[in-house]
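Take a look at the structure below.
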Amino acid sequence: MTNATVSKIFGQMADILEILGEDRFRVNSYRRSARILAELPSEADQLLRAGTLSKTPGVGKATVKKIEEYLEKGRIEAHQELLGKIPVSLLDLLSVQGMGPKGVKNAYDQLQVTSIPELKAAIEDGSLATLSGFGPKKCDGLRKAILFLEKASGRMRLDQARGVADQVMTFLKEQALVQRIEIAGSLRRWVETIGDVDILATPQDDVAPQAIIDTFTRADFVVDCLAAGPTQGSVLVHHSGTPIQVDLRIVEASSFGAAWQYFTGSKDHTMRLRDIALSKGMRLNEYGLYRTADASEPVFVTGQTEEAIYQGLGLDPVDPKLRQDRGEVEAAQAHTLPRLVTLEDIRGDLHMHTTASDGRCELEEMVTFGIERGYEYICITDHSASSIIANGLSGERLIQQIKAIRRLNEGYPEISVLAGSEVDILSDGRLDYEDGLLAELDFVVASVHSGMNNARDRGTARLLKAMDNPSVTCIGHPTTRMLGRREAMDLDMIAILRHAAETHTAMEVNSNPMRLDLNDLHCRMAIDHGVKLIINTDAHNEGGLDRLEYGVATAAKGWATKEDVLNTLPWEKLKEWMQMKQSRS
DNA sequence: GCCGTTTTCGGCCCGACTGTTTTCAGTCG
């Protein structure tokens with residue numbers, strides 16, 4: 001938890017320094033430190049002791065010293081000093097679109113505006129309009145931006161963002177104005193929650209970019225147009241009652257790769273590329289890679305494809321899922337990028353429910369769906385007895401289900417149907433079935449469904465104990481988080497992953513877009529600890545089976561290769577892996 | 001504040017759009 005706290009402090013310092021008009025590069029440096037801290041694979045004090053923190057790119061002496069200060073005293077003097085200079089509520093104002101550091105400072109100095117409600121009041125009573133830089137259109141825009149903030153429910157899930165993108169792209173394709181149209185931004189990087197949707201297109205021959213922007217900003221689904229220039233437009237679209245920002249950018253085909261790279265980001269990743277370009281006497285922008293050395297005018301080098309941009313910089317092409325400035329630029333330079341796991345690598349789905357518990361489909365239907373998806377095996381994992389709400393199976397019902405699955409297999413030679421269970425991890429870490437019954441199963445995923453507010457040590461102890469059971473192959477949705485609805489359990493993830501490695505237990509990557517649990521950072525930590533992943537859908541109906549790509553993308557964002565994921569193995573090999581744990585006990 | 005195959009000082013990504021400051025600063029991505 002320390003990392004998150006220190007990260008927040010650095011973020012605050014960046015915001016305050018920016019409002020105070022400090023050097024913007026210093027501000028950027030604090031902001032980068034904040035991000036790096038939030039994404040660290042271990043607690044900062046551990047990395048500090050190991051000496052790896054100071055070796056992290058972007059973390060210099062001054063930052064390390066401040067972190068040491070925090071660990072020692074629980075506070076950072078420079079942070080306290082900054083907090084004394086402006087009210088902390090002022091930082092909220094930066095979340096209003098159109099309010100930047102200069103505007104915030106101006107409104108505070110002139111009108112003592114220190115919060116969003118006060119800003120709203122200053123707009124309504126006309127006092128804001130008396131300030132230079134706050135004309136009528138600006139004030140109107142701010143009024144709308146505050147309304148947007150009040151209505152918006154924050155970031156949306158990946159699957160929701162995709163729905164919005166599909167709607168817009170389908171519309172634009174129907175207009176026959178674009179030659180090529182692609183998703184960019186965080187949606188293309190499979191970030192677990194999306195702020196706005198970015199779309200990139202090239203025009204058809206003889207179609208002016210402006211015509212496409214005009215069509216886009218006047219479409220039926222647009223509730224408000226935020227900006228509309230000759231080559232790019234921003235609009236608000238309503239999606240299940242909440243406004244979503246969609247940005248469209250039009251470029252020529254010769255610049256498509258450069259634009260796609262730029263528009264995909266992340267911002268930090270792209271800045272690293274532009275850095276490298278400068279160091280090589282080149283310049284990178286959304287139109288292409290240019291040579292600037294030995295010439296008065298920049299000379300176009302390349303721009304049509306992303307691969308050519310990366311190669312022009314001496315880098316291997318980087319999968320969009322890795323573009324987060326978490327070491328992928330260095331790996332691309334050293335030609336050591338991983339070959340990421342793909343959807344095609346997955347041979348079976350090991351977590352799904354039927355009508356026996358809380359699923360919507362019968363056992364045989366799920367088998368048919370598995371065959372249709374080309375799986376070599378599926379595992380039926382209905383809930384266990386304690387999950388009363390989910391109609392969990394009593395021991396007796398589970399025995400009957402095992403028999404039914406054994407019989408069923410005779411009729412489906414093309415697929416192995418495995419008898420499994422998603423067994424509850426009880427409050428003391430015991431499991432919800434007798435060991436003898438668990439041993440009868442082909443596969444067991446053990447999950448927490450109650451007591452999710454357990455204190456850190458207790459919750460962690462529950463998972464550690466569950467892993468000790470030789471029948472448990474995998475911990476299901478380990479943190480139990482639900483994006484936008486429920487926080488992750490407070491767990492000592494390092495201790496859990498160490499124990500997983502010791503006990504030969506795998507970690508699930510739950511593909512439900514509301515869960516994505518483990519998340520990408522935890523996946524990477526698991527791999528670093530030598531822990532195998534299993535990517536499952538946890539499907540409760542046919543559609544649920546098709547969400548596997550979200551789990552695969554999450555694991556890939558954690559740098560997972562095929563070798564890191566157990567359900568890329570044929571069933572016989574997977575069985576051997578499971579037997580290694582059972583024989584050790 | 002960070003960083004170094006021209007540098008331990010002097011750089012630091014780069015362009016679009018908006019509004020209103022008649023030539024550009026602020027904001028955004």
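Note that this is a predicted model, so its numbers are computed, not measured. Each chain gets a letter, A, B and so on, in the order the sequences are listed, and its residues count up from 1.
The one candidate from A:Lys138, A:Arg143, A:Lys144 that meets the side-chain hydrogen bond (donor to acceptor under 3.5 Å, both in side chains) condition with A:Asp140 is A:Arg143. Checked options A:Gln324, A:Lys321, A:Arg326; the residue passing with A:Asp520 is A:Arg326 (criterion: side-chain hydrogen bond (donor to acceptor under 3.5 Å, both in side chains)).
Rounded to a whole angstrom, the distance from the C1' atom of B:dG4 to that of B:dG15 is 27 Å. A gap of 24 Å separates the P atoms of B:dC2 and B:dT6, to the nearest Å. When the C1' atom is compared between B:dC13 and B:dT27, the two are found 16 Å apart, to the nearest whole Å. Between B:dC28 and B:dT23, the two P atoms lie 25 Å apart (nearest whole Å). B:dC12 and B:dT18 are spaced 28 Å apart, taking the P atom of each and rounding to whole Å. Remark: the separation of the C1' atoms in B:dG1 and B:dT5 is 24 Å, to the nearest Å. For B:dT8 and B:dC14, the P atoms lie 23 Å apart once the distance is rounded to whole Å. Comparing the C1' positions of B:dT21 and B:dG26 gives an interatomic distance of 11 Å, to the nearest angstrom.
With rounding to the nearest 0.5 Å, the separation of CD1 in A:Ile213 from OG1 in A:Thr231 is 6.5 Å. Rounding to the nearest 0.5 Å places CZ of A:Phe134 at 6.5 Å from CG of A:Leu142. From A:Arg49, atom CZ reaches atom CD of A:Glu43 across 10.5 Å, with rounding to the nearest 0.5 Å. A:Ile146 contributes atom CD1, which lies 4.0 Å from atom CG of A:Leu119 (distance to the nearest 0.5 angstrom). Atom-to-atom distance recorded for A:Met525:CE and A:Ser42:OG is 6.0 Å, nearest 0.5 angstrom. How far CZ of A:Arg249 is from CG of A:Leu200: 8.5 Å, rounded to the nearest 0.5 Å.
Other residues, nucleotides and ligands contribute over 12 non-hydrogen atoms within 6.0 Å of the CZ atom of A:Arg180. Within 6.0 Å of the CD atom in A:Glu330, the count of heavy atoms belonging to other residues, nucleotides or ligands exceeds 12. Under a cut-off of 6.0 angstrom, the local environment of CZ in A:Arg486 is crowded, with over 12 non-hydrogen atoms contributed by other residues, nucleotides or ligands.
In the 5' to 3' direction, nucleotides of DNA chain B lying under 4.0 Å from heavy atoms of chain A begin and end at B:dG1 to B:dG29.
Contacts of residues 90-112 of chain A with DNA chain B (heavy atom under 4.0 Å): A:Val96, A:Gln97, A:Gly98, A:Met99, A:Gly100, A:Pro101, A:Lys102, A:Gly103. Applying a 4.0 Å cut-off to non-hydrogen atoms, the residues of residues 265-285 of chain A that approach DNA chain B are A:Lys267, A:Met271, A:Arg274, A:Asp275, A:Leu278, A:Arg283, A:Leu284, A:Asn285, listed by residue number.
Nucleic acid contact for A:Val27: none, since no nucleic acid atom lies under 4.0 Å from a heavy atom of the residue. No engagement by A:Gly141 is indicated, since no non-hydrogen atom pair under 4.0 Å with the nucleic acid exists. Counting any heavy atom pair closer than 4.0 Å across all strands shown, A:Thr231 reaches sugar-phosphate atoms only and no base atom. In this structure, A:Tyr30 reaches the sugar-phosphate backbone alone: every heavy-atom distance under 4.0 Å involves primed, P, OP1 or OP2 atoms, never a base. Contacts of A:Tyr262 with the nucleic acid, taken as non-hydrogen atoms under 4.0 Å apart, include base atoms.
Mapped onto DNA chain B by nearest heavy atom, A:Arg249 and A:Lys66 fall at different nucleotides, with A:Lys66 at the one closer to the 5' end. Place A:Glu286 and A:Phe134 on DNA chain B by their nearest nucleotides, and A:Glu286 ends up nearer the 5' end.
You'll find the side chain of A:Asp224 stays beyond 4.5 Å of the side chain of A:Phe148, heavy atoms only.
Taking a pair to require two hydrogen-bonding distances under 3.5 Å in either a Watson-Crick or a G-U wobble arrangement, B:dC28 pairs with B:dG15.
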